[in-house]
Protein chains: 2
Amino acid sequence: MDLTHTLHLGDKMKKDKLSRKEREQLQRRTEILQAALELFSQKGYHNVSMQEIAARAEFAVGTIYKFFKSKEELYREVLMQTAILICSTLSEVLEEKVNEYITIKKYLETKCKLFMENISAIQLYFAEVGGGVRINVKRALDTELRSFYDQMIRKLATVFDKGIQKKIFQAFDPYYLALALESISNAFLFEWMENPDKFPISTIADLTEKIFLERISLLPK
Amino acid sequence: MDLTHTLHLGDKMKKDKLSRKEREQLQRRTEILQAALELFSQKGYHNVSMQEIAARAEFAVGTIYKFFKSKEELYREVLMQTAILICSTLSEVLEEKVNEYITIKKYLETKCKLFMENISAIQLYFAEVGGGVRINVKRALDTELRSFYDQMIRKLATVFDKGIQKKIFQAFDPYYLALALESISNAFLFEWMENPDKFPISTIADLTEKIFLERISLLPK
DNA sequence: TTATATAGTGAATTTGGGTTCATTTTATGA
DNA sequence: TCATAAAATGAACCCAAATTCACTATATAA
């Protein structure tokens with residue numbers, strides 16, 4: 001059984017159907033991914049050695065290679081896992097068919113929670129997908145990751161678009177509104193991540209709402 | 001003569017007092033820095049070899065080492081040059097003692113021009129100093145660069161602060177206003193850098209003014 | 001309990017690329 | 001023009017770290 005290929009992320013949902021052995025394998029794979037995530041997010045791809053990852057995951061180097069073809073593939077898996085977590089969580093919120101203003105508020109809340117609960121993942125994700133610049137470990141990865149991100153922004157834009165049509169928001173290019181909301185909330189969230197103790201994370205959603213929703217996008221009635 | 005130590009950036013101003021030989025050396029040093037900047041900004045520190053830099057600069061590898069102790073030092077010099085360019089240009093604008101609204105507008109204009117004329121430098125700079133996340137080649141560098149950036153943000157905040165006191169801007173934590181303006185304008189500028197042909201760069205300043213100045217910060221009279 | 005397969009190990013090998021330095025080329029000035 | 005110094009060169013060296021693989025340990029089945 002070649003674990004490298006049989007146990008993809010997409011198969012995770014079948015977990016409860018797996019044999020004990022398979023479950024154990026999956027568990028180990030997950031542990032390696034977790035160790036790698038923590039290290040990569042802390043120090044970046046090139047400053048982490050396979051030795052280090054192995055040590056943190058409490059396996060031998062060779063074992064890592066039983067699960068992942070190469071360091072690069074391991075990195076890719078870590079990134080993909082992360083991108084899927086973030087984008088799918090947020091996309092879900094953006095697809096709910098309720099009042100657009102509520103959707104945006106919920107989006108902000110969810111994003112804050114996501115940041116709070118997955119600091120390592122977030123750091124890694126933004127180091128790669130970043131504030132717009134992309135100097136990535138691999139260009140190929142780039143494209144794939146990037147498209148996840150773009151998709152989300154476009155969904156956000158759609159919400160603004162509908163909200164504008166319904167006269168909930170002020171008329172403005174919805175794509176730019178999406179970019180603006182995304183970047184402002186990120187800026188505040190990074191500020192929070194730097195010293196999480198300075199203020200509670202709930203402030204972020206409030207701040208963003210005050211500065212963005214109330215002043216830019218919301219149409220005064 | 002040990003060029004590594006005698007010819008710092010700070011000494012550039014003395015250029016016209018230098019002998020022909022010294023001028024030639026400085027010129028060579030600059031050419032190496034330029035080649036390195038282009039490569040680093042395109043592919044990132046770890047994906048560029050000294051061989052490559054040497055080739056692009058049309059020197060032998062050994063020659064590079066006559067000018068820079070190590071790859072890391074070369075990188076550091078490139079980054080510093082860049083940070084100084086960006087931060088000093090913008091700081092200058094922010095320190096002018098005119099109407100705060102004008103200052104912000106001019107800041108945006110200058111920033112656009114800076115982005116347009118120094119794409120490589122900008123990419124490198126933001127890859128390191130980034131949208132807030134920092135996984136850097138070297139932690140030490142990080143701190144230094146970071147403080148340049150922080151200083152600028154703080155100057156921007158001061159402008160807002162004064163503007164608020166003069167009732168030009170709406171009352172809001174000036175530091176968060178600074179962060180917001182910074183992040184929105186960056187987001188738009190990165191959008192532009194991705195495909196510069198989609199719209200002229202002048203749109204950026206307009207966009208940011210429309211979305212930010214007019215709606216968030218400017219106090220309606 | 002023993003045989004067989006499967007999983008895990010980590011020392012040894014390989015590799016990529018940063019750095020060095022003996023040699024060559026160029027510039028200076030007598 | 002020739003001697004000497006300064007600068008440039010790039011093949012060879014070296015090392016860190018990715019990858020491999022022969023071996024050991026463990027689980028499964030007969």
Side-chain angles (χ1 to χ4, degrees), chain A residues 1-7 18-36 39-40 42-79 135 137-138 141, chain B residues 1-7 18-36 39-40 42-79 135 137-138 141:
Chain A
M1 178 176 53
D2 177 6
L3 294 161
T4 305
H5 296 296
T6 53
L7 293 174
L18 300 176
S19 67
R20 198 198 81 240
K21 211 179 196 172
E22 285 170 316
R23 275 196 323 273
E24 278 177 8
Q25 287 307 325
L26 194 54
Q27 173 61 24
R28 281 178 191 142
R29 205 186 119 99
T30 307
E31 272 166 26
I32 295 170
L33 280 170
Q34 183 57 34
L39 288 169
F40 284 142
Q42 246 166 55
K43 325 210 277 169
Y45 182 76
H46 291 284
N47 300 316
V48 172
S49 72
M50 291 302 266
Q51 302 287 346
E52 246 178 307
I53 297 171
R56 155 120 21 170
E58 294 174 86
F59 285 106
V61 215
T63 310
I64 311 271
Y65 281 89
K66 287 268 156 57
F67 290 88
F68 303 92
K69 261 201 290 306
S70 64
K71 186 185 180 187
E72 206 182 299
E73 199 201 75
L74 172 56
Y75 187 64
R76 162 193 216 70
E77 290 289 320
V78 168
L79 266 187
I135 295 179
V137 176
K138 273 280 159 207
L141 242 185
Chain B
M1 177 175 54
D2 179 4
L3 294 162
T4 306
H5 295 297
T6 52
L7 293 173
L18 300 176
S19 67
R20 197 197 83 238
K21 212 177 196 175
E22 285 171 316
R23 272 195 327 271
E24 276 175 9
Q25 289 305 325
L26 194 56
Q27 172 61 24
R28 277 171 197 149
R29 205 187 119 100
T30 307
E31 272 166 27
I32 294 169
L33 281 170
Q34 183 58 34
L39 288 168
F40 284 142
Q42 244 166 54
K43 326 212 275 171
Y45 182 75
H46 291 284
N47 300 316
V48 172
S49 71
M50 292 300 268
Q51 301 288 344
E52 248 177 306
I53 297 172
R56 153 116 29 166
E58 294 174 87
F59 284 107
V61 214
T63 309
I64 310 270
Y65 282 88
K66 288 267 157 55
F67 289 89
F68 304 93
K69 261 201 289 307
S70 63
K71 185 183 179 186
E72 206 182 300
E73 199 201 78
L74 172 55
Y75 187 63
R76 164 195 216 68
E77 290 288 320
V78 168
L79 267 185
I135 296 178
V137 176
K138 271 281 159 206
L141 243 185

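Naming: A, B, ... by sequence-line order, numbering from 1 per chain. Keep in mind it's a predicted model, so treat the numbers as computed, not measured.
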Can you sort out the partners of Gln51(A) under side chain to side chain donor-acceptor pair (under 3.5 Å), two or more places apart, ordered by chain and number?
-> none
What integer distance in Å separates Lys43(B):NZ from dG17(C):C1'?
-> 13 Å
For Glu52(A), side chain to side chain donor-acceptor pair (under 3.5 Å) partners two or more places apart = Lys43(A)
How close do Lys71(B) and Tyr65(B) get, heavy atom to heavy atom, and via which atoms?
-> N-OH, 4.5 Å
What heavy-atom pair brings Val48(A) and Leu39(A) nearest, and what distance separates the two atoms?
-> CG2-O, 3.5 Å
Specify the separation, in whole Å, of atom CD of Gln27(A) and atom P of dA7(C).
-> 16 Å
Measure the distance from CZ on Phe59(B) to C1' on dA7(D) and round it to the nearest whole Å.
-> 10 Å
Atom pairs, protein N/O to nucleotides 18-21 of chain C N/O, distance under 3.5 Å:
| unit_1 | atom_1 | unit_2 | atom_2 | d |
| --- | --- | --- | --- | --- |
| dG18(C) | OP1 | Lys71(B) | NZ | 2.8 |
| dG18(C) | OP2 | Met50(B) | N | 2.6 |
| dT19(C) | OP2 | Tyr65(B) | OH | 2.6 |
| dT19(C) | OP2 | Lys71(B) | N | 2.9 |
| dT19(C) | O5' | Tyr65(B) | OH | 3.3 |

Among dA7(C), dG10(D), dT9(C), which nucleotide sits nearest the side chain of Gln25(A)?
-> dA7(C)
Whole-Å distance between dT9(C) P and Ile64(A) CD1?
-> 9 Å
Can you pull every protein N or O that's under 3.5 Å from an N or O on nucleotides 23-29 of chain D?
| unit_1 | atom_1 | unit_2 | atom_2 | d |
| --- | --- | --- | --- | --- |
| dT28(D) | OP1 | Arg20(A) | NH2 | 3.4 |

About how many Å separate CZ of Phe40(A) and CG of Leu74(A), when rounded to the nearest 0.5 Å?
-> 5.0 Å
For Val78(B) against Ala36(B), the heavy-atom pair lying closest together | CG2-CB, 3.8 Å
Which whole-number value in Å describes the distance from Ile53(B) CD1 to dG17(C) C1'?
-> 12 Å
Classify the angle between the aromatic ring planes of Phe59(B) and Phe67(B) as parallel (below 30°), tilted (30 to 60°) or perpendicular (above 60°).
-> tilted
Applying side chain to side chain donor-acceptor pair (under 3.5 Å), name anything that partners Glu58(A), two or more places apart in sequence or on another chain.
-> none
Whole Å only: how far is the OH atom of Tyr75(A) from the P atom of dA18(D)?
-> 14 Å
Please name all residues satisfying side chain to side chain contact (heavy atoms under 4.5 Å, CB included) with Ala54(B), sequence neighbours left out, ordered by chain then number.
-> Ile64(B)
Please give, in whole Å, the distance from dT6(C) P to Arg28(A) CZ?
-> 16 Å
Given atom CG of Leu74(A) and atom P of dA17(D), what is their separation to the nearest angstrom?
-> 16 Å
